[in-house]
Amino acid sequence: MDCLFCKIIKGEIPSSKVYEDDAVFAFRDIEPQAPVHILIIPKEHIASANDLNDENSAIVGHIFSVAAKIAKSEGIAEGGYRIVNNCGADGGQTVGHLHFHMLGGRSLAWQTG
Ligand code: AMP
Ligand code: ZN
């Protein structure tokens with residue numbers, strides 16, 4: 001399957017890895033929107049939040065527990081951060097592999113464009 005993030009997981013495309021376990025991979029966004037901008041993704045190819053269901057959605061809980069660990073290791077747990085999922089065209093999703101943006105390291109405005 002021709003998926004950018006599946007290739008990053010397999011190491012076929014280089015990335016700045018932050019965390020990896022059996023089910024999850026996390027790496028720095030190539031166009032950071034904040035001092036800390038990390039993408040946390042399931043290793044299983046799930047195209048978007050629309051493709052979550054009772055069989056595969058446990059990974060989302062695991063992703064949030066990984067996010068809490070990463071927040072500590074990145075030094076943003078106390079200051080706070082934002083976790084964002086863009087779904088589909090109107091949501092601004094540009095890569096068709098489920099991913100959660102973790103943004104932190106500065107005070108974030110609350111605005112949707
Ligand atoms: P989204 O617009 O929510 O689908 O987010 C996709 C994100 O992937 C964007 O923030 C991009 O900057 C990021 N991105 C695209 N290609 C790469 C790459 N090769 N390595 C790291 N991040 C990437
Ligand atoms: Zn994929």
Side-chain angles (χ1 to χ4, degrees):
M1 190 196 309
D2 197 29
C3 170
L4 174 66
F5 287 176
C6 282
K7 286 180 183 161
I8 284 178
I9 291 164
K10 286 187 252 171
E12 292 171 8
I13 291 173
S15 71
S16 174
K17 183 169 85 172
V18 173
Y19 175 92
E20 180 176 14
D21 65 23
D22 287 350
V24 164
F25 195 90
F27 55 103
R28 295 191 194 280
D29 197 292
I30 205 164
E31 259 182 71
Q33 305 297 314
V36 176
H37 187 171
I38 291 166
L39 299 173
I40 311 175
I41 69 177
K43 285 190 169 174
E44 180 188 354
H45 180 85
I46 298 171
S48 83
N50 272 338
D51 298 285
L52 289 165
N53 55 51
D54 287 343
E55 272 70 55
N56 66 11
S57 60
I59 191 67
V60 178
H62 181 55
I63 282 173
F64 272 75
S65 99
V66 165
K69 277 186 212 165
I70 293 174
K72 290 187 189 81
S73 62
E74 292 290 318
I76 59 169
E78 283 208 7
Y81 51 91
R82 184 171 297 158
I83 294 175
V84 176
N85 169 252
N86 297 326
C87 179
D90 281 358
Q93 183 177 4
T94 60
V95 178
H97 182 126
L98 180 68
H99 53 280
F100 292 84
H101 298 257
M102 170 175 253
L103 297 150
R106 66 169 169 85
S107 180
L108 300 164
W110 180 241
Q111 56 187 25
T112 50

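Atoms within each ligand, like the ligands themselves, are counted from 1 in listed order. Residue numbers run from 1 in the order of the sequence given.
Geometrically, ligand 1 and D29 share a nitrogen or oxygen pair separated by less than 3.5 Å. Checking only distances, Q93 never comes within under 3.5 Å of ligand 1, N or O to N or O. Note: no N/O pair closer than 3.5 Å links I13 and ligand 1 by distance alone.
Taking atom 17 (C) of ligand 1 as the reference point, the nearest protein heavy-atom neighbour is I30 CG2, 3.7 Å. Protein heavy atom closest to atom 5 (O) of ligand 1, with residue, atom name and distance, is H99 NE2, 3.0 Å.
Residues K43 and D21 are not paired through a salt bridge, judged by the lack of any N-O separation under 4.0 Å between the basic side chain and the carboxylate.
Distances from the Zn ion (ligand 2) to each N, O or S atom of H45 single out ND1 as the nearest.
Heavy-atom separations between R28 and ligand 1 include at least one value shorter than 4.0 Å. Residue G92 places a heavy atom under 4.0 Å from ligand 1.
Here the angle at the Zn ion (ligand 2) defined by SG in C3 and SG in C6 stands at 120°, rounded to 10 degrees.
Atoms of ligand 1 lying under 4.0 Å from at least one heavy atom of F5, given by number and element, are 8 (O).
Within the 4.0 Å heavy-atom criterion, neither part of F100 lies near ligand 1. Contact annotation: for L39 versus ligand 1, heavy atoms closer than 4.0 Å belong to the side chain alone.
Here the closest heavy-atom approach between residue I8 and residue F25 is recorded as CG2-CE2, 3.8 Å.
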Problem set entry | Criterion side chain to side chain contact (heavy atoms under 4.5 Å, CB included) on F27 and I41, from CA distance to verdict | CA-CA 9 Å; F27 55 103; I41 69 177; 3.7 Å; yes
